[in-house]
Amino acid sequence: MKITIGHLYPDLLNLYGDRGNIQCLMKRCQWRGIEAETIPFELDDKIDFSKLDIVLLGGGSDREQMIVCEKLQEIQPDFKAYVEDNGVVIAICGGYQLLGKYYKTDQGNMKGLDLVDLYTEQGEGRLIENIVLKSDLFDMPIVGFENHGGRTCINNNKPLGKVLYGKGNDGESGYEGVVYKNVIGTYLHGPLLPKNPQLADWLIKHALEKKYEKEIELTPLDDSQEKEANDYIYHRFVRG
Ligand code: GLN
């Protein structure tokens with residue numbers, strides 16, 4: 001079996017090291033004997049979504065998002081078809097905001113990909129916090145760090161999780177991220193996947209199941225260190 005990961009615009013959307021998330025996906029495949037390849041795309045590259053099994057859209061500053069958003073309009077129809085056909089996407093922070101209809105800032109209004117029915121507006125001050133979520137998708141909590149000026153409204157979509165500690169989508173709703181078909185959007189940046197192997201495996205499993213059209217049971221890996229670290233953060237911020 002083989003997984004091909006498309007990394008969209010790593011030169012621009014790579015705030016807080018999204019490449020580490022790619023490394024994590026690759027390693028977790030390879031440790032199981034699943035071949036893994038990553039294709040980084042630059043702004044002028046043509047993207048053939050039919051060749052991709054997971055798409056990663058990373059975080060970026062408002063300035064970089066503004067540069068990328070024009071390009072996104074060109075790839076929107078193909079990207080939309082990929083998502084509607086259950087293509088797997090992980091979109092982080094700036095990338096998460098760009099999944100939606102628009103991201104409104106003091107500097108202007110950025111048109112988004114409109115792949116998921118959500119929108120983002122810049123609010124007063126930034127939401128910077130450690131964050132812990134309880135997601136319906138996993139038993140283990142999701143832990144991470146957030147730093148965003150935008151407040152995201154996900155309308156009637158399913159959130160990624162309930163905020164146990166931290167701010168989340170808008171600092172008010174008590175929810176964080178979004179899950180739409182096989183797309184996950186989240187404000188948790190930096191080492192999201194190394195810290196949350198359950199989330200990395202969710203992406204790999206869904207990508208393999210879509211590609212090979214059968215149910216896949218991933219070989220368990222020794223995640224004892226990751227689980228210990230996750231548990232430490234959970235107890236530090238939630239359980240005291
Ligand atoms: N520029 C966006 C914001 O501030 C996203 C930042 C990020 O990707 N960390 O809301």
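Each residue takes its place number in the sequence, starting with 1. Atoms within a ligand are numbered from 1 in the order they appear, just like the ligands themselves.
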message = Only heavy atoms of G150, strictly under 4.0 Å: list the atoms of ligand 1 that pass.
response = 3 (C), 10 (O)
query = Nearest heavy atom to atom 6 (C) of ligand 1: which of S61, G58, G60, G190 does it belong to?
reply = G60
query = Can you tell me if R126 has a non-hydrogen atom under 4.0 Å from ligand 1?
reply = yes
inquiry  = Within the structure provided, determine whether K46 and F41 are in side-chain contact (heavy-atom separation under 4.5 Å).
reply    = no
ask   = Does Y103 come within less than 4.0 angstrom of ligand 1, counting non-hydrogen atoms of the residue?
value = yes
query = Side chain or backbone of T120 under 4.0 Å from ligand 1, or both, or neither, by non-hydrogen atoms?
reply = neither
request  = Enumerate the atoms of ligand 1 whose separation from the nearest heavy atom of C93 is less than 4.0 angstrom.
outcome  = 5 (C), 6 (C), 7 (C), 8 (O), 9 (N)
key: Beyond-backbone contact of F79 with Q76, side-chain heavy atoms, under 4.5 angstrom   = no
key: D53 with K2: basic N within carboxylate O range, under 4.0 Å   = no
key: Atom indices of ligand 1 within 4.0 angstrom of L15 heavy atoms, with elements   = 7 (C), 8 (O), 9 (N)
message = Can you classify the ring geometry of F145 versus H189 as parallel (below 30°), tilted (30 to 60°) or perpendicular (above 60°)?
response = perpendicular
request  = Can you sort out which atoms of ligand 1 are near Q65, meaning under 4.0 Å from one of its heavy atoms?
outcome  = 1 (N), 2 (C), 5 (C)
For residues 232-240, dump all side-chain donor-acceptor pairs below 3.5 Å to protein atoms at least two apart in sequence or in another chain.
| unit_1 | atom_1 | unit_2 | atom_2 | d |
| --- | --- | --- | --- | --- |
| H235 | ND1 | D231 | O | 3.0 |

request  = Verify whether one side chain among D62 and Y103 offers a donor that lies under 3.5 Å from an acceptor in the other.
outcome  = yes
message = Using 30° and 60° as the class boundaries, would you call the ring planes of Y102 and Y119 parallel, tilted or perpendicular?
response = parallel
task = Check L160 against V179 and note the closest heavy-atom contact, atom names and distance.
result = CA-CG2, 3.8 Å
ask   = Looking only at side chains, do T152 and Q97 share a donor and an acceptor under 3.5 Å apart?
value = no
Atoms in ligand 1 flagged as close to G59, the criterion being non-hydrogen separation under 4.0 Å = 8 (O)
task = Indicate yes or no: at least one non-hydrogen side-chain atom of K195 is less than 4.5 angstrom from one of N230.
result = no
note = the protein heavy atom lying closest to atom 1 (N) of ligand 1 turns out to be D62 OD1, 2.5 Å
message = Check for me whether Q97 has a heavy atom closer than 4.0 Å to any atom of ligand 1.
response = yes
ask   = Which of the atoms of ligand 1 are close to N147, meaning less than 4.0 Å from one of its heavy atoms?
value = 6 (C), 7 (C), 9 (N)
query = Do any nitrogen or oxygen atoms of H148 lie less than 3.5 angstrom from nitrogen or oxygen atoms of ligand 1?
reply = no
message = Out of all atoms in ligand 1, which are within 4.0 Å of some heavy atom of G94? Include the element for each.
response = 5 (C), 7 (C), 8 (O)
note = Taking only non-hydrogen atoms of G149 and a 4.0 Å limit, the atoms of ligand 1 in range are 3 (C), 4 (O), 10 (O)
